[in-house]
Amino acid sequence: MFAEYKNTLRKLRGSMIGWGIGLLLYDWLMSSFFSSIVEMSDQLVEMVAAYPEEFIAFFPSIGDFASPVGYIDTYFSSYMTIILGFFVVGACAKLIVGDEESGTLDLVLAHPVSRTNLFWGRFLGFVTALVVILLASWVGWLIPAKSAGFTLRALDFLIAIFPLFGVLMVFGALALFFSMLLPAARLAGGLSGALLVGNFLLVGMSNLNQDLIPVYEVTPFYFYQGAKMIEDPNWGWFFGLLGVALVIVAISWRIFMRRDIRVGGEAGWQIPLRSAK
């Protein structure tokens with residue numbers, strides 16, 4: 001398992017470096033702007049008041065951007081689920097099936113490595129890569145925080161990362177699950193990405209249409225607290241998201257243990273057709 005773990009980290013090192021540096025620089029920049037935003041809060045409040053209701057529905061914390069928590073929620077938590085989500089679903093969709101489509105997975109399994117060790121070694125490698133990226137994001141917020149006027153502790157900035165990790169794990173687990181069922185990794189990633197974007201849009205649409213609230217309440221984003229977790233943490237929601245993700249991953253593992261490994265390329269849908277008489 002450890003060999004697959006290290007191999008997965010090696011494959012994802014480019015993503016860790018690229019996403020980590022990118023988020024660190026972005027968060028550093030946004031953290032540095034906080035004092036300027038507070039000074040301009042009166043003018044910005046008037047500007048936000050002129051925004052259409054449909055826009056505000058997707059960014060409910062935008063009216064509170066002059067507070068530390070509202071600022072982080074508006075400029076990070078509210079849309080980082082989508083930005084990082086595309087990396088997560090893409091990486092998980094190819095985590096196992098990517099090698100299968102390239103024709104190397106059967107060669108790997110020909111060595112003395114069990115399917116269980118391969119599956120969990122790669123999954124834990126992905127989790128580690130995601131944690132490294134999120135820690136880089138945390139450092140980006142933290143470095144200029146004191147000079148920018150933030151009154152939050154280092155732990156508070158870290159707590160704001162936890163909900164993001166939880167919801168990303170759910171969609172990553174879904175991408176891994178779909179890759180075990182669908183004939184191609186690109187289809188698994190596309191379907192997971194569509195669910196991710198659809199859930200994001202449902203957040204704002206449910207604020208505009210009350211009839212959609214029952215649907216929204218059974219989706220992962222309903223349990224996503226964002227930076228608001230700093231002030232009113234609901235650890236039950238966080239661990240609930242992780243629990244759901246782990247169940248989905250465990251189901252994916254069981255499917256992987258029983259499915260046939262193709263020697264390369266994308267599979268067909270294998271829909272049985274009735275022979276012509």
Item to check | Pairing residues for I83 by the side-chain contact (heavy atoms from CB on, under 4.5 Å) criterion, not counting sequence neighbours | outcome: W19, Y79, M80

Item to check | From CD1 (I82) to CZ (F86), nearest 0.5 Å | outcome: 5.5 Å

Checklist entry - Quick one: side-chain contact (heavy atoms from CB on, under 4.5 Å) partners of I17, sequence neighbours excluded? => result I21

Checklist entry - Minimum heavy-atom separation for G20 to A136, with atom names? => result O-CB, 3.5 Å

Item to check | Hydrophobic cluster membership, V113 vs L107, 4.5 Å side-chain cutoff | outcome: no

Next on the checklist: For a side chain to side chain contact (heavy atoms under 4.5 Å, CB included) check, start with the C-alpha distance between L118 and I96, then their side-chain angles and the critical distance, and finish with the verdict.
Outcome noted: CA-CA 9 Å; L118 183 143; I96 305 293; 3.8 Å; yes

Checklist entry - Under the 3.5 angstrom rule, does the side chain of Q225 hit a backbone N or O of F238 as a donor-acceptor pair? => result no

Checklist entry - Can you list every pair that meets salt bridge (charged side-chain N to carboxylate O under 4.0 Å, His left out) and has a residue in residues 154-167, with sequence neighbours left out? => result R153-D156

Checklist outcome for this item: Residues passing the ring-ring contact (aromatic ring centres under 6.0 Å, His included) test with Y222, sequence neighbours excluded, are Y216, W237

Checklist entry - Below 4.5 Å, heavy atoms only, C-beta onward: do L134 and L84 meet side chain to side chain? => result yes

Checklist entry - Any side chain to side chain donor-acceptor pair (under 3.5 Å) pairs touching residues 1-17, not counting sequence neighbours? => result E4-R122, Y5-T128, N7-R10, K11-D99

Item to check | Residue pair A245 / A173: nearest heavy atoms and the distance that separates them | outcome: O-CB, 3.5 Å

Item to check | Residues forming a ring-ring contact (aromatic ring centres under 6.0 Å, His included) with F150, sequence neighbours excluded | outcome: F34, F157

Next on the checklist: Checking side-chain polar atoms at under 3.5 Å, does T116 have a donor or acceptor matched by the opposite partner on S114?
Outcome noted: no

Checklist entry - Could you give the distance from CE (M30) to OH (Y71), rounded to the nearest 0.5 Å? => result 3.5 Å

Item to check | Where at least one partner belongs to residues 169-194, residue pairs that pass ring pair (Phe, Tyr, Trp, His ring centres under 6.0 Å), sequence neighbours excluded | outcome: F171-F221

Item to check | Residue pairs fulfilling side chain to side chain donor-acceptor pair (under 3.5 Å) with at least one residue in residues 176-185, sequence neighbours excluded | outcome: none

Next on the checklist: Among residues at least two apart in sequence or on other chains, which ones pass side-chain contact (heavy atoms from CB on, under 4.5 Å) with V247?
Outcome noted: I251

In a table with atom names and distances, give each donor-acceptor pair under 3.5 Å that connects a side chain of residues 158-170 to protein atoms at least two apart or in another chain.
none

Next on the checklist: Quick check against the 3.5 Å criterion: does S77 have a side-chain atom that pairs as donor or acceptor with the backbone of A227?
Outcome noted: yes

Checklist outcome for this item: Across all chains, not counting sequence neighbours, the side-chain contact (heavy atoms from CB on, under 4.5 Å) partners of R254 are R258

Checklist outcome for this item: Value for NZ (K228) from CD1 (I230), rounded to nearest 0.5 Å, stands at 12.0 Å

Item to check | With R259 via salt bridge (charged side-chain N to carboxylate O under 4.0 Å, His left out) - residues at least two apart | outcome: E100

